[in-house]
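Residue numbering restarts at 1 for every chain, and letters A, B, ... go by the order of the sequence lines.
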Number of protein chains: 2
Amino acid sequence: MTTETRADDLLRLDRQLCFSLHAASRAFTGVYRTVLKDLGLTYPQYLVMLTLWEHGELPVKEIGDRLRLDSGTLSPLLKRLETAGLVHRRRSEEDERSVVVTLTPEGEALRARAAGIPLHMARAAGLTLDEFQTLRTLLTTVTTNLDHAAL
Amino acid sequence: MTTETRADDLLRLDRQLCFSLHAASRAFTGVYRTVLKDLGLTYPQYLVMLTLWEHGELPVKEIGDRLRLDSGTLSPLLKRLETAGLVHRRRSEEDERSVVVTLTPEGEALRARAAGIPLHMARAAGLTLDEFQTLRTLLTTVTTNLDHAAL
DNA sequence: CACAATTCAGTTGTGCACAATCTAGTTGTC
DNA sequence: GACAACTAGATTGTGCACAACTGAATTGTG
């Protein structure tokens with residue numbers, strides 16, 4: 001258990017960790033910002049497009065669950081993507097409460113122009129494959145733990 | 001070098017990494033949100049208070065450098081802290097361009113009430129001391145690399 | 001069938017992140 | 001001393017995160 005280690009160490013490390021997590025998150029989105037500028041996308045919009053490219057049409061609820069975003073964030077974001085001509089929204093026939101988001105031909109076409117981004121970002125992050133996997137695993141662990149603690 | 005590893009692996013991992021970093025960052029601030037609610041602070045406000053508790057009075061520029069926040073973020077944030085009675089702002093006598101932020105007695109007093117937070121968060125994250133250190137090191141590395149790539 | 005509980009989107013309001021721009025004050029160079 | 005270059009902070013505008021709420025549609029239970 002973590003609680004057995006010395007409190008001082010945890011204090012200092014928590015402090016450094018919250019700084020570095022915050023900083024890393026913003027450093028990442030900062031690089032994404034410049035890379036995505038050509039495509040006219042923001043980073044969260046790119047995340048939405050990624051899920052649509054992978055899964056095809058999805059209800060808003062599904063997108064929110066996958067990206068951990070609620071309707072207050074997704075509704076205006078999806079409207080901007082629709083205004084940009086990348087997606088289309090329509091009420092589901094089976095369940096009128098649900099809105100299904102589909103890609104327009106323009107949205108589908110953007111996929112090719114975005115193809116180089118993941119490799120570019122991976123290189124920019126400059127980690128080895130092992131480091132990548134370790135980092136992702138640790139982040140997933142803290143997220144799970146924090147979600148569980150947030151009761 | 002990272003570029004020698006297989007592109008496919010990097011694509012998939014970058015994808016997973018950007019999701020998990022985003023998710024972890026929000027999971028962290030989510031827990032901080034509930035913990036800080038009693039103190040009437042948001043997470044970025046807490047970061048500012050932490051630096052003031054540690055270093056005493058600081059010019060806005062110093063705070064921004066330490067937390068990687070610019071004036072567009074700090075100006076309104078510091079005004080809210082001033083409205084809440086936690087800090088005081090005054091123009092520097094040596095350099096009239098600079099604004100020095102100091103703690104009020106209330107701001108100083110809040111320190112005691114916030115003392116338990118780091119340990120609480122460290123426990124909520126639920127990592128071992130080694131994992132903490134590994135995570136922090138990796139995050140610092142990617143941040144440095146990304147900042148360097150953002151030219 | 002009726003009706004309470006639930007689910008899904010959307011809206012509103014607050015706060016942070018950041019780009020672009022502005023003003024005032026400072027410094028360097030001639 | 002004059003003027004260009006620079007620096008610190010503030011302001012404006014766009015977009016995201018999230019809480020709280022509304023309203024419509026659906027589902028479960030008696």
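- Across the protein-nucleic acid pair, B/Asp70 atom CG and D/dT12 atom P stand 16 Å apart, rounded to whole Å.
- With the nearest nucleotide of DNA chain C identified for both A/Ser75 and A/Gly30, A/Ser75 has the one nearer the 5' end.
- Closest approach to the B/Thr73 side chain among C/dA17, C/dA9, D/dC6 is made by C/dA17 (side chain taken as heavy atoms from C-beta onward).
- In this structure, B/Leu78 places its CG atom 14 Å from C1' of C/dG15, rounding to the nearest Å.
- Here C/dC18 is the nucleotide among C/dC18, D/dT7, C/dA9 with the atom lying nearest to any side-chain atom of A/Arg26.
- One interatomic measurement links the two molecules: NZ of A/Lys61 to P of C/dG10, which rounds to 14 Å at whole-angstrom precision.
- For the pair B/Lys79 NZ and D/dA10 C1', the computed distance is 7 Å after rounding to whole Å.
- As rounded to whole Å, 10 Å separates atom P of D/dT26 from atom CZ of A/Arg91.
- Listed candidates were D/dA10, C/dG25, C/dG10. Nearest to the side chain of B/Arg89 is D/dA10.
- Note on B/Ser71: every side-chain N or O is 4.0 Å or more away from OP1 and OP2 of D/dG9.
- Straight-line distance from the CG atom of A/Leu21 to the C1' atom of C/dA17: 16 Å, rounded to whole Å.
- Below the 3.5 angstrom threshold, one finds no donor paired with an acceptor across the side chain of B/Arg97 and the base of C/dT26.
- Taking B/Thr42 as the reference, B/Pro44, B/Gln45 meet the side-chain contact (heavy atoms from CB on, under 4.5 Å) condition, with sequence neighbours excluded.
- Heavy atoms of A/Ser98 sit under 4.0 angstrom from primed sugar atoms or phosphate atoms, though from no base atom.
- Considering only side-chain atoms of B/Lys37, the nucleotide from D/dG9, C/dA17, D/dA20 that sits closest is D/dA20.
- For B/Asp95, the salt bridge (Lys or Arg N to Asp or Glu O under 4.0 Å) criterion is met by B/Arg97, not counting sequence neighbours.
- Counting only heavy atoms from C-beta on, B/Val60 has its side chain closest to D/dG9 among C/dT6, C/dA9, D/dG9.
- Both B/Glu94 and A/Val99 lie near DNA chain C, and the one whose nearest nucleotide falls closer to the 5' end is A/Val99.
- Relative to the side chain of A/Asp95, the nucleotides C/dC18, C/dA9, D/dT26 differ in distance, and D/dT26 lies closest.
- With rounding to whole Å, A/Phe28 atom CZ is found 15 Å from C/dC18 atom P.
- Atoms CZ and CZ, on B/Arg33 and B/Arg26 in that order, are 10.5 Å from each other to the nearest 0.5 Å.
- Across all strands shown, A/Thr42 has heavy atoms under 4.0 Å from sugar-phosphate atoms exclusively, and none from any base.
- The interatomic distance linking B/Leu74 (CG) with D/dT12 (C1') rounds to 17 Å, in whole Å.
- Of the charged side-chain nitrogens involved, none lies within less than 4.0 Å of a carboxylate oxygen, so that A/Glu82 and A/Lys79 do not count as a salt-bridged pair.
- You'll find the side chain of B/Leu39 stays beyond 4.5 Å of the side chain of B/Tyr46, heavy atoms only.
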